[in-house]
Structure formats: structure tokens, C-alpha cells
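Just below is one structure, and these are the notes that go with it.
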Amino acid sequence: MDKFDVIVVGGGHAGAEAAFAVSRSGLSCALITMDQTKIGQMSCNPAIGGLGKSHIVREIDAMGGLMGRATDLSGIQYRTLNTRKGDAVQALRVQCDRDLYKKAVQKILKETNIKIIQDEVVDFLLTNKKAQGVITKSKTYKSKKIILTTGTFLNGKMYTGNIIKTGGRIGDESSIPLSKRLYSLNLPMGRLKTGTPARIKLSSINLLDMEEQPGEKPTPWMSLASPPKKHQKQLSCYITRTNKKTHEIINKNIHLSAMYSGEIKGIGPRYCPSIEDKVRKFQDKNSHQIFIEPEGINKDLVYPNGISTSLPKKAQQEFIFSIKGLERSIITEYGYAVEYDFVDPRTLKQNLETKYLENLYLAGQINGTTGYEEAAAQGLMAGINASNSIKKLKDFVLERSEAYIGVLINDLTSHGITEPYRMFTSRAEHRLLLSQNNAEQRLILKANEIGIVKKERVDKYLSNEKEYKKFYTNNLVKLKKDFFIDKNGAKIRLQEKRSISSLLSRNDVDEKKLFKPNKKDTKLYQRAITEIKYSGYIKKQIREINKTKKQNNKQIPTNIKYEEIHGLSNEVKEKLIKTQPQTIGAASQIEGVTPAAINLILIHLKKKELVSQNA
């Protein structure tokens, strides 16, 4: 019987990162997948990053993960979003060549000691609620830890109108035996839904009728590790829109959509709705944007982002042909919805191990998330924590103030999900600390402590930090007393000498005229400008974080009587009495226990303390 330290089940974005993390930890790992040619497959849109998501990719990258590297090996268009807003919420989005991305992931994994096995897992080896291996259709494998990353394949069903097929994506079978096994273990499970649009031949589209959307120049990189020598050929995306006729066709056929016919019971993603949902829920809008995204450099195919659908094929044809520029389009693959099983993530510990079964970790869409980036982040953390447990190291858990990955996992394990979860910058209350550009400063040394980042990468980071400090000291702490120009063009004479760094904190300063760096130092100067302008806000957030930590550590007496606390709802009282949290922090993590409720508990405790002191 083959034995491994860790077995990863599933070869999607979560599975790839999980296996890669285990390999970097120096342990033996098997990745079992139903089709090894699909490892790293982009099942939905061919893009990485975007609002709230590029932050996650950079965090994965800072901890030695593969997603950023694979993105740069396949990126065909780079654009920074939210450029009119502050640095903390700006986000890089990269259009990828679908085939090149998959090849890049597979190449990275093949350069490791990971054993890739093509088979289907149908059961677990269990002893006294401890997972000790897996049973596939052809063999049994033993392991110390198992990481389950099944994506949309757990009892997956695909819907196009009234046509229903089993599968997690077109051309692939679903994993039905494993789903039944999980249900038999009494794990709390449910159904979710996602979807995809039709694929259309690029050569059949009239791009002249659309708005061209070129990439960013100079072209940036997603990964900060060791980007390739040069970018892939860069391509434009295009924008078109639905119209009144499109909406009339959809409304006429909406009863045939699997989402509206009652066939699908699972909940779909609110922030990535089908075109049927958009037309029905936003009836005051006459049009919706569609992004025409190329699938690859030498591929005569586009992904029309914005028209995900489960309408019948004939209705899809009709509404697509009504869209400007798509009148003569050739559809090569029709859109469909996918419904699949997931496990309530509240059954997981913060390290992503299940509370029900020891040694079993879950990562990715099985936990109710949507998106490649969210899946990859969970895979990384599950791989790290499974490895740490074997090596007798403490759990690697990131705080909400340390990383978007910390926000993601804390949200999932504490609050669960009511719809497929996707990341937004608005979910992070400490987002001013969490720019996509400072991921290395936040995480690389933490990752280095547990041995998952290459020494050369860490040395390069430390060298860059030393260079930045040298630049700052040699240039920005200098005193200045000459004229400088404010942003309104008025000349202002300084009355006293002040350092350039202190002047940069003013919002009426023209940074370009205050100091002119040479070409080599341009990025260093830009970083300094950002850090100086944010410094006051960041200090305030750090004070709030420290105050919250102190508050969260406050013990709740075991004899507290929640029913005596005036203002708490009966629902909150019931949850607190049932859970009996030991600290304020634990109480605040209970679903439905609001900040207002926490405040009432703190006031109650303070009153009790005062009474005790005066007694």
C-alpha cells in the first residue's frame, strides 16, 4: 500500500496550491485527480485578480505560492483597476491564455516531488473519526493528512434549459460516490450554483462595433518573485452591451431557464449573477455591460463575460445575436449552470481541518467560495497547516489585520455562507493596511519562519528593503527651504527648513516637483509617497487593532446570566447561552452576535466589576 504524508484530492486551483505548499514544506505528497490533463484548468473566465482578488494573489505569491507565477507565464493583458482611488483598494487584473495558464501550473508541479495520480477517490480510510487515507476506484492509499479540494464536482449537475447532465464542468464527470460518503458522515452540507456563458468564435465577431479596452503600459507583473524575461503577446479586450431587444428575448424565455424553472435549488453568486438574474432583478436598466475577453493568443475564441446563462440553446442563440457586434457570431459551446454540494465551512477550525474528522482538511469551493483566487488561498493554508501538524509546528493562522486570506478564512469558519462567497476590499475592516503592493512586507518573513519560501526569494526581499531604507535616508530626510509648487500651481515659500518626507504628507504638494528621482529609484519614491500619505491612518488602525485585541481577550465569567442583559435580542441570548463563549473575542465570532450586542455585554461586565469593587 502506497503511503504519503499528505494526499490532496482534486487538481484545481485549491488542490494545486495545497500540494505545492506541502512539497515546499519538504513532505511527501500525492495529488489525486480524475484527469491529470485538467490540473490548473480555468473552468470559468480566463482571468486572475481583480477587485479584492489581486490582494489574495499577491499574498499567495509572498508566501511562495504558484498562482502569481502561472499568471505571469500566461498573462495576455494587464490592467490596474480603481486607479482613481487610493493605493489600498487598487487591484491588478490579468487576462490569461487559458491553455498557457494550465501548462504553467502543471510545469511548476512537475518540477517538485509531488506524485500525480489519475484516479477517482470514492471513500476514506477512517479509524475512530481519524482520516488515515483514501480509497480510489482502483487502489487504497494511506496518509497522515488528507486535503479535499473537489471544486464543483461533488454531485455536480449541469443545466442548459431542461437538459441536465452530470458533471462539474463540460467534458468532466462529477464525483457522486464521494459526495454520498460525505453525507453519510453527517457533515452539514448544502447545494450551491454557479454558471458560465457561451463561448464564441473571435473571427465571427465585429470588433469595430465595440469599444476597445487595451492593456496597461508599461505592463506590470502579478508575481513579485521572479517574473519571466518578457511578457506574452498582449491583446485587447472589448466592451459591448445588451439592449432592450436582448432583454425582451430573455424575459420571453426566462421560464425555460433552469434557474427559474425550479430545477436548480442551489443558491447562486449574488455578485456574479446570470444574465437572467440581471434582467429580472434590474428591470429599470436597459442594458448591461459585456466584456469580450480573448481565450488565448492563438485561439479563435472569446469569453463573453457578463452573460452567464442556463437558458436553452435556441434562446441563447437568439439573445446573443441581438447584441451589437455579435449579430453573426458563431457559438462553439453553450452556457450552462452548475449545481454542486458544499460543506458548511463553520464545521472547520481556523486551520481548515474539520471539527468532525481529525486529519481531514477542506479547501476551495467545497467550503462555499467562488473564484480561483479564494480557492487557491484556502489550498495554500490547508497545505501549510497539514504540513505544520505533521511537523509538530503550531497552526499557521493569519489575523484579519494581517491579510485578506485571514479575512477570508475567518469569515468562512466564523459566519459560514448564505451564498457563494467572493472577496471584496470592503470585507476587510483594516484594508488600509492591506494593499496588494505590501503583501511581501506583511507575509514573506512569516512564511520564511515555517520554511515555505526559497532562501533566494527572502534574500532578494531583504536586499530590496535595505535599498529602500537607504534611498529614504539619503534623499527624503533632507531639509528643504526653496520654492515648491502646490497642486493648484501657486508658489509657496517655506518659512522654515523641513524634510522632504514631512512635506510629502501635505496634500497640496506636487510630489514630482518636490523631488525628482532617477529612473532606478522611481518605484522607491512612489512607495515612499504612498507610505507617508497613509502613515497617519495606519497608526490609527494599529491603535484600534491593539485595543480590539485587548478587548477580545477579556474573559467572560462562567456564571454570567445573558437573560439579565437588557437590550440583547432573544435570538442572541439563545446563541450565547448555547455556545458559552469564554472570551469577548469568541462571542463576537458567533453568527448573529453584532458589535452592538458585544457592547451591551461589555457594559454589563463593567457594571458587575464596579459593584464587586464597591462591595
Inset, instruction - Examine the side chains of Glu339 and Tyr159 and answer whether a donor and an acceptor come within less than 3.5 Å of each other. - result: yes

Inset, instruction - Please check if the side chain of Asp344 supplies one atom and the backbone of Pro188 the other of a donor-acceptor pair under 3.5 Å. - result: no

Inset, instruction - Check whether any side-chain N or O of Ser569 sits under 3.5 Å from a backbone N or O of Val572 as a donor-acceptor pair, and report yes or no. - result: yes

Inset, instruction - Determine whether more than 12 heavy atoms belonging to other residues, nucleotides or ligands lie under 6.0 Å from atom CD of Gln289. - result: yes

Legend entry - Residues Glu295, Arg199: salt bridge by 4.0 Å N-O rule: yes

Legend entry - Nearest atoms (heavy-atom pairs only) where Ala439 meets Ala62: O-CB, 3.7 Å

Legend entry - Option among Thr194, Asp172, Leu192 that satisfies the side-chain contact (heavy atoms from CB on, under 4.5 Å) test with Thr152: Thr194

Inset, instruction - State whether Tyr101 and Arg98 meet the cation-pi test: NZ (Lys) or CZ (Arg) under 6.0 Å from the six-membered ring centroid, and within 45° of the perpendicular axis. - result: no

Legend entry - Tyr421: which of Thr370, Asn367, Thr369, Asp411 passes side chain to side chain donor-acceptor pair (under 3.5 Å): Asp411

Legend entry - Distance-only donor-acceptor check, side chains Ser28 and Asp5, under 3.5 Å: yes

Inset, instruction - Check the pair Thr136 / Asp119 against side-chain hydrogen bond (donor to acceptor under 3.5 Å, both in side chains), numbers first and verdict last. - result: CA-CA 6 Å; Thr136 70; Asp119 206 339; 2.7 Å; yes

Inset, instruction - Determine whether more than 12 heavy atoms belonging to other residues, nucleotides or ligands lie under 6.0 Å from atom NZ of Lys38. - result: yes

Inset, instruction - Give a yes-or-no answer on whether the side chains of Lys313 and Thr160 include a donor-acceptor pair shorter than 3.5 Å. - result: no

Inset, instruction - Answer with yes or no whether the side chains of Ser310 and Ser257 bring together a donor and an acceptor at under 3.5 Å. - result: yes

Inset, instruction - Classify the side-chain pair Ser223/Asp72 by whether it contains a donor and acceptor separated by less than 3.5 Å. - result: no

Inset, instruction - Establish, from distance only, whether the side-chain atoms of Thr80 and Gln90 form a donor-acceptor pair under 3.5 Å. - result: no

Inset, instruction - Indicate whether any N or O donor in one side chain lies under 3.5 Å from an N or O acceptor in the other, for Gln118 and Thr33. - result: no

Inset, instruction - May I ask you to check if Arg422 and Phe424 form a cation-pi contact, with NZ or CZ under 6.0 angstrom from the six-membered ring centre and within 45° of the axis? - result: yes

Inset, instruction - Using distance alone, with no hydrogens and no angle criterion, decide if Asn359 and Lys145 have a side-chain donor and acceptor under 3.5 Å apart. - result: yes

